[in-house]
Structure formats: structure tokens, C-alpha cells
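Taking it in order: structure first as C-alpha cells, then the write-up.
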Amino acid sequence: MPTFANPVLAGHHPDPSICRVGEDYYLVTSSFAYYPGLPVLHSRDLVTWRPVGHVVHRPSQVSLTGLDVSDGLWAATIRHHEGTFYVVVTLAKGRQGSVTLLCTADDPAGPWSDPVTLEAEGIDPSLFFDDDGRCWFTACRDAAEPAVTGPGELWMRELDLGTMALTGPTHILWYGAMRGAWVEAPHVYKRDGVYHLLAAEGGTEHHHAVTAARAETVTGPYTTDPRSPLLTHRHRGAAEPVHNVGHVDLVDTPAGETWAVALGIRPVDGTHTLGRETFLVPVEWTPRGPVFAPDTGRVRLTERVPAGITGRGRHQDDTVRDDFTTPRPAPEWAGLRGPVDDLVAPHPGGGLTIRLSPEPLTSTGTPAFIARRQQHVRMRASTRLRFRATEPTQEAGLTVFQNQRQHATLALTVDAAGTPQVVLTAREAGAATRLAAVPITDVDVVLAVDSDESAYTFHVQDGATWTTLGSIERPFFSTERAGGFVGVHLGLYGTGNAGEAHVSWFEYSPAQP
Ligand code: 6LW
């Protein structure tokens with residue numbers, strides 16, 4: 001039987017939401033303070049995905065300035081109805097929902113509309129289009145009476161598609177199956193005349209789980225599916241390769257199957273650095289409701305392919321070399337909190353120019369920085385960089401970036417006497433530790449970082465000579481250590497009052513297992 005490898009979207013791709021139009025699948029994931037925001041990916045087979053655009057691609061749509069990397073755009077839902085794509089999303093501040101936004105587009109590659117602000121509290125908004133054309137908005141929020149109902153509640157209001165505003169009464173749908181934990185990530189589906197409400201409970205960490213309720217009428221009353229949780233790895237031991245499974249969205253295929261996209265992580269010795277990733281899980285509808293992974297009850301690293309497609313390798317396991325020959329960096333690259341077009345721009349002759357900015361990586365502004373996800377624990381990221389600093393405050397280089405408080409830099413700069421050098425620095429919670437500095441003879445060098453299960457190791461090639469500056473243990477960059485919701489990114493950056501750095505190429509190379 002042909003198989004595919006999970007996760008189908010490796011590295012930081014949390015909170016997946018999916019819809020299908022004909023033979024085309026579209027998926028969005030959370031992007032937090034990265035900009036452009038809310039990547040939209042396209043697939044014909046559910047296994048191989050290609051980025052096609054972003055929902056947030058103009059700074060006038062959303063301001064992310066001042067936000068922690070793990071705030072910003074959380075847990076969007078994408079739906080298609082009568083020729084229009086709809087995305088609802090939370091803008092989070094201080095780890096709480098602040099505003100709920102709705103954007104629309106005729107083409108999921110964009111352009112997307114300016115957002116409409118919905119009068120909705122809480123997080124994890126979703127839309128359900130019923131057979132009669134009415135649209136129902138759901139989200140989760142703090143429960144009014146947590147001592148009675150548990151901490152969270154799922155609620156619903158109608159969305160008037162003419163005025164793009166919520167209308168009519170608020171319906172409280174459900175408090176979850178487990179009650180002890182917040183209930184979130186609601187999505188409603190209709191099957192054989194029954195409304196199925198799926199949710200996530202237990203939090204996005206080890207206790208994450210998919211639970212369900214059902215109703216005869218869209219607004220309820222909803223009764224708990226007694227099989228809940230329907231999908232979880234909370235009961236699995238440390239040897240289980242995939243953990244934190246939950247936050248699903250369902251899609252029906254033209255071949256008559258149903259599949260779920262789910263969030264999960266791949267920890268190594270109890271910590272994870274790649275972030276929350278997107279896995280694909282088969283679903284079978286039974287009279288009792290959806291059954292996830294009917295053969296095993298588990299999200300597996302190797303799964304049978306959806307009916308109607310042939311097995312294939314993941315192109316995300318290929319080496320990617322970027323010479324920056326397109327007018328803009330490829331959609332895999334993102335900056336922080338706003339456009340960096342003025343700061344980081346492909347050079348007409350190829351390569352990338354980084355105009356140094358005084359905004360440091362430690363700020364909550366928009367530094368001269370672009371990054372792509374780390375998608376494999378074992379990999380090498382390398383870049384050829386030319387930069388002549390005139391003072392030690394000017395630096396350009398490669399960064400292993402978890403967030404503005406937790407990252408490492410391998411920087412080309414000068415010492416106080418003006419001698420070019422490469423410096424390795426680790427930053428954690430505001431404290432910078434200079435781990436190594438090596439003088440170099442040429443200001444055109446290759447900077448490289450290798451990672452594996454134990455560490456990230458940093459190197460420079462100066463002329464024909466490779467020098468290893470040092471290693472930082474892998475858990476330093478983990479979510480367990482740094483907190484938050486994002487995975488490690490590999491970035492190119494330049495900090496300082498003046499100067500330009502030139503990147504000839506960047507290469508990301510997964511090590512073959
Ligand atoms: C997301 C929510 C969650 O909105 O984390 O804990 C939030 N669970 O479902 C950010 O990804």
C-alpha cells in the first residue's frame with residue numbers, strides 16, 4: 001500500500017485549517033508575529049503542499065508592531081462559499097485574544113481584503129456554512145461560570161454575509177467533554193443531517209486532545225460524544241514519536257474519504273525545537289460519529305495515502321538552495337511584524353542585499369531580518385555573506401531564532417581595532433553570552449550551522465579554512481525552554497546604524513536519516 005510521511009508540513013505550521021474547492025485543497029496555519037502573515041498553501045493530494053500566498057500581505061491590514069513573537073495571528077479558519085474564500089482569525093496580544101478579524105478573497109493566492117473586525121470575544125474563530133446558505137460563527141472564550149461549567153465555553157452567532165457582521169442571539173454551545181481544561185479550536189460539520197462540533201481540549205501541550213459533541217439543530221443543544229477524546233496521544237509514553245496531537249480540521253475528498261489535518265510535535269528527549277507541525281490523519285465516519293485513524297487510533301509518521309493518489313516523497317526533504325534571483329524572496333521567507341522590502345531585497349544581479357537597521361533582533365519592531373522554518377532536527381543551514389563592518393556595533397549574519405529573547409547569532413563584524421571577525425553569541429531572557437570570536441582574513445565568508453539531536457554547531461569558512469566556533473545545546477532553542485507557540489527559524493539579518501551586507505546564497509540541507 002503506498003504511504004506518505006507525516007508531518008505533511010514539517011516545522012512551524014500550527015493550528016492547521018483546510019478547505020477544498022473541486023480538486024484543490026487550501027490550508028492556512030498560524031503565523032504569530034511573522035510577516036507576511038497567515039500562509040496559504042495549496043495541494044492536490046493532501047500530502048504535497050506549496051505556499052501560494054498570505055492572507056495578511058499589506059501592513060494596512062493588521063499591525064503586529066510591539067508584539068511578542070508568539071502573539072499576533074492565531075489559529076485561523078479557512079472556508080470557501082459560492083466563489084469566495086473566507087478566513088477568520090484572532091489577533092492576540094499578551095497571550096490573549098484581542099480582536100477577531102475576517103478577510104475574504106476570490107483567489108486564495110490573494111489579494112485578500114482588508115479585515116472586517118467582528119464583535120467577537122475569545123480565540124480560535126471558525127465559520128460553518130449550512131445547506132440553507134446561512135453562515136454560523138463559532139469561537140471559544142472564558143466561561144461565565146467556570147466553577148459550574150469548566151473554564152471555557154464554545155459560543156455561536158450568525159454571520160450576516162451581506163453586512164459582514166455578527167447578528168442575532170449568542171448561543172452557548174458546549175463546555176467541552178473534559179471540563180477541567182479549556183475547550184478551544186471549535187469547528188462545526190454537518191453529516192447526514194447531524195451537526196458535529198469538534199474541539200480541542202487539554203491545552204496545546206501534552207494533554208492536547210480532540211473531543212466532540214453533536215446536535216440536531218446548528219445552534220444546539222449539543223450533547224457530548226461519550227467516546228471523547230476521539231484523538232489524543234496524552235496517554236502515550238515517551239517512545240511515541242508524535243505528541244501534543246489535537247486542533248483538527250476535517251476535509252472530504254472527491255474520492256469520498258475524510259481526512260483530518262492535526263497539530264502535533266516531534267519531541268526529542270522531552271523537548272521540541274521545530275514547533276508545532278501539521279499532520280494528516282485518516283477519518284472514518286460511522287453512525288457514532290468520526291473515528292480518527294481507525295486502524296490504530298494514532299497519528300503515525302508513516303500513513304497510507306488518501307484514495308485516488310499515488311505515494312510520493314516529500315519535496316520538503318530536499319536541499320533548498322536560494323540564490324535570490326526573484327524580485328522578492330520566495331514565500332517560505334518571512335520577516336517580523338511588518339514588511340522588510342526596504343531592508344532585505346534581492347539584488348538585480350542575484351543575491352540579497354541586507355541594509356543594516358538599528359532595530360535589533362531583541363526588539364519587538366521590524367529588524368532587517370528574514371527567516372525560514374527549521375523543518376528537520378538534523379540539518380545544515382549555510383550562507384555566503386559579504387560584509388565590511390566599520391565599527392563593532394555593526395553586524396550581519398546568520399541567526400537561529402526562537403524568539404526576540406531567545407536566539408543565537410553568528411555574526412560578521414569587527415573588533416575594537418577594526419579587525420574583521422566572526423562572533424557567536426547566545427541570547428536568553430535579555431542576557432547575551434559571547435561564546436566565541438575568531439578573526440578572519442576576508443570579509444566574504446560562508447557561515448554555517450549544523451543541528452542534530454544534541455546541539456547546534458556553528459562554523460565559518462574563511463578562504464579555504466573552516467573553523468568551528470562552538471555549539472549550543474539543542475534544548476536551548478526548545479519551546480519548553482523559551483515558552484510560546486513558535487518553532488525555530490533560520491534567519492539572515494543585519495544590525496547597526498549603517499552599512500549593507502550582501503548574501504550570495506542560502507542553503508538549507510536536511511541530513512538524510
Ligand atoms: C491557538 C489555540 C492554542 O489559538 O494555541 O492552546 C493558540 N491552544 O488553539 C496559538 O496557537
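What you see below is based on every heavy atom in this structure, not just the backbone, and it leaves out hydrogens, waters and symmetry mates. Order of listing sets the numbers, starting from 1, for every ligand and every atom in it.
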The atoms of ligand 1 lying under 4.0 Å from a heavy atom of A75, numbered in the order shown, are 1 (C), 4 (O)
Main-chain N/O of Q406 paired to N403 side chain as donor or acceptor, under 3.5 Å: yes
Looking only at side-chain N and O atoms, does H247 offer a donor or acceptor that is under 3.5 Å from a partner on R276? no
Does ligand 1 have an atom under 4.0 Å from some heavy atom of W182? no
Would S30 count as a polar contact of ligand 1, with the cut-off being nitrogen or oxygen pairs under 3.5 Å? no
Identify, by atom number and element, the atoms of ligand 1 in contact range of D15, meaning under 4.0 Å from any of its heavy atoms. 1 (C), 10 (C), 11 (O)
Quick one: does Y35's side chain get under 4.5 Å of P339's, heavy atoms only? yes
Relative to the heavy atoms of R276, which atoms of ligand 1 are at a distance of less than 4.0 Å? 5 (O), 10 (C), 11 (O)
Is it the side chain, the backbone, both or neither of T204 that has a heavy atom closer than 4.0 Å to ligand 1? both
Please state which protein non-hydrogen atom is closest to atom 1 (C) of ligand 1 and give its distance, to 0.1 Å? D124 OD1, 3.5 Å
How close do L64 and G72 get, counting heavy atoms only, and between which atoms? CD2-CA, 4.0 Å
Counting only N and O atoms by type, is there a donor-acceptor contact under 3.5 Å from the side chain of R474 to the main-chain atoms of V268? yes
Would you say the side chains of W285 and T258 form a donor-acceptor pair under 3.5 Å? yes
min-distance protein heavy atom vs atom 8 (N) of ligand 1 -> E184 OE2, 2.8 Å
Look at ligand 1 and say whether H208 reaches it with a heavy atom at a distance under 4.0 Å. no
For a quick test of reading the model, state the closest non-hydrogen atom pair linking A213 to W174 and the distance between them. CB-CE2, 3.5 Å
Here the atoms of ligand 1 under 4.0 Å from any heavy atom belonging to H247 are 9 (O)
Looking only at heavy atoms, what is the nearest atom pair of F129 and R79, with distance? CE1-CB, 3.8 Å
Does any N or O atom in W74 lie less than 3.5 angstrom from one in ligand 1, N or O only? no
If you count the atoms of ligand 1 from 1 in the order shown, which ones are under 4.0 Å from a heavy atom of F485? 5 (O), 10 (C)
